[in-house]
Number of protein chains: 2
Amino acid sequence: MANPMYRQIAEDLREQIESGQLQPGQQLRTELELRETYGASRNTVRDAIKWLTSLRLVETRPGQGTFVVKKIDPFVTTLSGEPGTGESVTYHFQVSRHGRKPFNTDPQVEIQRATSGVAAELRLPEGTPVISRHQRRFIDGTPWSLQTSFYPRGFALQGAEKLLNADNIEEGAVQYLAATLGLKQVGYRDWITVRAPSAAEADFFRLAQDGRVAVFENFRTAFDQTGTPMRVTVTVFPTDRNQFIFDIGDVPEPQVPSPEDHKS
Amino acid sequence: MANPMYRQIAEDLREQIESGQLQPGQQLRTELELRETYGASRNTVRDAIKWLTSLRLVETRPGQGTFVVKKIDPFVTTLSGEPGTGESVTYHFQVSRHGRKPFNTDPQVEIQRATSGVAAELRLPEGTPVISRHQRRFIDGTPWSLQTSFYPRGFALQGAEKLLNADNIEEGAVQYLAATLGLKQVGYRDWITVRAPSAAEADFFRLAQDGRVAVFENFRTAFDQTGTPMRVTVTVFPTDRNQFIFDIGDVPEPQVPSPEDHKS
DNA sequence: GGGTATTTGTCCGTATGTATT
DNA sequence: AAATACATACGGACAAATACC
């Protein structure tokens, strides 16, 4: 089947991993030992390990060894909250259900020119200045997501000055905009894609730089009562530790669904 | 920065790709030529190419060369249809909006024992026999998704015999179950994860076997008017050609959003 | 169909560097 | 400081896939 020798070695090791003979977190035998075991050269053994690395089954640590990857207990985020609920509230709710502690850095606020994507969503000409509020978000100390919200700059001039403050808006941006500008968020659209992380993202999330772990990118466009987009939020999540739930229509209470149950 | 030579070579090639100097689909110079260009050994050049491969920037074709990956015009699927709408209808609607032609194989119907995940979602004991209906789905000839729906076996005995037929249920399974068993689908929960493809999945989707392109796995649990799960649908989509939309609350009409606009 | 040139894939051996313990 | 283990880099040989004549 898998003719080349390095694939056969990889297949053998893979079976040991998937059968539980090699446990998550456990160290494999060293390259020199595996060379003896399989009667191959060290480079061929390394090719086998690279193959398993690409499959995200093992990871190598210089000076230490090769280890079976530990599955991260995933962060499960319900993205279908109430339409009038902002991101922070929605996320906070979901996360605290698991008894986990989220932590957000204070937002980094900038006036930026809208990129084509953000401009199109906000129905503004490309390059229009917008308010950008960027946050890094952790759960129990683990890097969880990078989030940037974009608002039309006019919002700040029309009475929503807090958007320009580098503080969390305690009452939530949704409530704040409703109170100050009379903008009610009546709905939103989530657009979910997957791509390779940028170098900065890989660094923040402590992912390998080679892109083997991808990231979700979620574009959320929120609409006010007139059907006008009032905000675009871009959130990036590593795919190795995040899962999402959307409830559509009438769905009974969660029963604390366990991610462990979700395997084909 | 990226000290090792192969990373420097990779970085140089990457800039050529991202600057557009090397166009999608275009062939890179051969390994032998790059060896001359960079004054490195062929193996070092190959390491650089492997790095770019892992980042999904290039792909190699034996006997032909190395090519800049072409971005696939993505299939955008709206997963938040009406709660009373089945998968086939929802997907069909979305896809035809783009003037694309979906094609589903006839379902492969089996009685299987529920795995732990499916059993938990259907609230059945693990190992309970369930009806499994599996389809391969294409758009314009491109492998698009693999879908398996699971129903309690009792449904067939109670009057919904068509569930056991290896034919598409023309009126849609949702309408059929409403007509025969009085089960109205009032809502569903989508649970979205990302993982490496199995060998069979990589084969079907024509993905590399090394898992560098991941797949979405969506677990959809549908509920009837009593809040009881009536179906679990597991759908697998390659992440290199699929994106998803969820509309929550009041969202204005699509305006045919272009995926090209969605880049950070 | 067969043969040849081209290009990537596999496998080996060796030497040295770097990270960790 | 020494030992261990993976990372980088080189050079060489042959195999396999593809394209072209």
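The shown structure was predicted, so the numbers you read here are calculated from the model rather than taken from an experiment. First the proteins, then the strands, lettered A, B, ... as listed; each starts at 1.
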Any side-chain donor paired with an acceptor under 3.5 Å for [X] and [Y]?
| X | Y | answer |
| --- | --- | --- |
| A:Asp203 | A:Gln209 | no |
| A:Asp12 | A:Tyr38 | yes |
| B:Arg137 | B:Ser145 | yes |

Could you write out each protein N or O paired with an N or O of nucleotides 9-11 of chain D at a distance under 3.5 Å?
| residue | atom | partner | partner atom | Å |
| --- | --- | --- | --- | --- |
| D:dA9 | OP1 | B:Met5 | N | 2.4 |
| D:dA9 | OP2 | B:Met5 | N | 3.2 |
| D:dA9 | OP2 | B:Tyr6 | N | 3.1 |
| D:dC10 | OP2 | B:Ser41 | N | 2.9 |
| D:dC10 | OP2 | B:Ser41 | OG | 3.1 |
| D:dC10 | OP2 | B:Thr44 | OG1 | 2.3 |
| D:dG11 | N7 | B:Asn43 | ND2 | 3.4 |
| D:dG11 | O6 | B:Asn43 | ND2 | 2.6 |

Any cation-pi pair here, A:Arg61 with A:Phe67, using under 6.0 Å and within 45°?
->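 Relative to the ring axis of A:Phe67, which defines the angle, A:Arg61 lies inside both limits.
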
Quick one: is the NZ or CZ of A:Arg7 closer than 6.0 Å to the six-membered ring centre of A:Trp51, and within 45° of its axis?
-> yes

Chain B footprint on DNA chain C, 5' to 3' - any atom under 4.0 Å from a heavy atom |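 Answer, 5' to 3': C:dT7 to C:dT10.
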
Any side-chain heavy atom of B:Glu59 within less than 4.5 Å of one from B:Thr66?
->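 No, every pair of side-chain atoms sits at 4.5 Å or beyond.
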
Mind checking B:Leu32 for me? I need base, sugar-phosphate or nothing, with any heavy atom below 4.0 Å counting as a touch.
-> base

Separation of [X] atom [atom1] from [N] atom [atom2], in whole Å?
| X | N | atom1 | atom2 | result |
| --- | --- | --- | --- | --- |
| B:Glu59 | D:dA17 | CD | P | 18 Å |
| A:Asp210 | D:dT8 | CG | C1' | 16 Å |
| A:Glu36 | D:dA5 | CD | P | 13 Å |
| A:Leu34 | D:dC6 | CG | P | 8 Å |

Test item: A:Thr193 side-chain N/O and A:Glu217 main-chain N/O as donor-acceptor pair under 3.5 Å =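 Such a contact is found between A:Thr193 side chain and A:Glu217 backbone.
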
At under 4.0 Å, does any side-chain N or O of A:Gln64 touch on OP1 or OP2 of D:dT4?
->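 No.
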
Counting only side-chain N and O atoms of A:Arg46, is one of them less than 4.0 Å from OP1 or OP2 of D:dA7?
->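 Yes, A:Arg46 has a side-chain N/O under 4.0 Å of OP1/OP2 on D:dA7.
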
side-chain hydrogen bond (donor to acceptor under 3.5 Å, both in side chains) involving B:Gln108 - partner list, sequence neighbours excluded |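 Testing B:Gln108 for side-chain hydrogen bond (donor to acceptor under 3.5 Å, both in side chains), a comparison that skips the adjacent residues, returns B:Glu110.
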
Given the options B:Phe138, B:Trp144, B:Phe237, B:Phe204 meets ring-ring contact (aromatic ring centres under 6.0 Å, His included) only with B:Phe138

Tell which nucleotide pairs with D:dA1, taking only Watson-Crick or G-U wobble pairs whose two distances are both under 3.5 angstrom.
->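 The base-pairing partner of D:dA1, which may sit in any strand shown, does not exist here.
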
